[in-house]
Amino acid sequence: MPDDQPMTSHVSLRIPNDLIEAFDKLAAALERPRSWVMVRALRQYLDDEGAEILEDTESLAELGRGEIVSSEEMQRRLRKIIADAELARTHKK
């Protein structure tokens, strides 16, 4: 197998017919296999919601270990996040 091709595994699962129909329509529109569309959807989920869940889980674990941040430190971090977002927004204009 070429190095640029990721290893794959076969997975079997039940999916509602309406989702299969939606994936088939997208696959036809993109002229791609259904599995290609489904893998992209799964990657998007992992990048978005999945990453948020993992972050929340780690935050709860840190809290459970007593690793807390003072309110002053949290305010400093929030100000930095806001400032960075505002800077990014002004550079997009």
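All heavy atoms count here, side chains included; hydrogens, waters and symmetry mates do not.
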Tell me whether M38 shares a hydrophobic cluster with L30, the cluster being built from Ile, Leu, Val, Met, Phe, Trp, Tyr side chains joined at under 4.5 Å. yes

So, are K80 and D84 salt-bridged, with charged N and O less than 4.0 Å apart? yes

Hydrophobic clustering (ILVMFWY, side-chain heavy atoms < 4.5 Å, transitive) - are L19 and W36 grouped together? yes

Hydrophobic cluster membership, with links at side-chain heavy-atom distances under 4.5 Å among I/L/V/M/F/W/Y: are I15 and L26 in one? yes

Is the count of non-hydrogen atoms from other residues, nucleotides or ligands lying under 6.0 Å from E55 atom CD greater than 12? no

Between H91 and L87, the two heavy atoms sitting closest are ND1-O, 2.8 Å

As a quick check of understanding, evaluate salt bridge (Lys or Arg N to Asp or Glu O under 4.0 Å) for R76 and E72, giving each step before the final call. CA-CA 6 Å; R76 185 193 67 75; E72 293 82 12; over 6 Å; no

Working to the nearest 0.5 Å, report the span between CD of E62 and OG of S59. 5.5 Å

State the CG-CD distance between L54 and E49, to the nearest 0.5 angstrom. 11.0 Å

Count I, L, V, M, F, W, Y as connected when their side-chain heavy atoms are under 4.5 Å apart, and connections chain through other members. Are V11 and L46 then in the same cluster? no

Would you sort out whether E52 and D48 count as a side-chain contact (heavy atoms from CB on, under 4.5 Å), showing the intermediate values? CA-CA 6 Å; E52 186 176 325; D48 296 340; over 6 Å; no

What distance separates R43 CZ from R40 CZ, expressed to the nearest 0.5 Å? 9.5 Å

Atom CD1 of I68 with >12 non-hydrogen neighbours under 6.0 angstrom: no

Rounded to the nearest 0.5 Å, how far does CZ of R77 lie from CD1 of I82? 14.5 Å

Should we count CD of E67 as having more than 12 external heavy atoms under 6.0 Å? yes

Do E58 and R65 meet the salt-bridge criterion of a basic N to acidic O distance under 4.0 Å? yes

Out of curiosity, does L13 fall in the hydrophobic cluster containing L42 (side-chain heavy atoms, cut-off under 4.5 Å, transitive links)? no

Is the closest basic N to carboxylate O distance between E21 and K25 below 4.0 Å? no

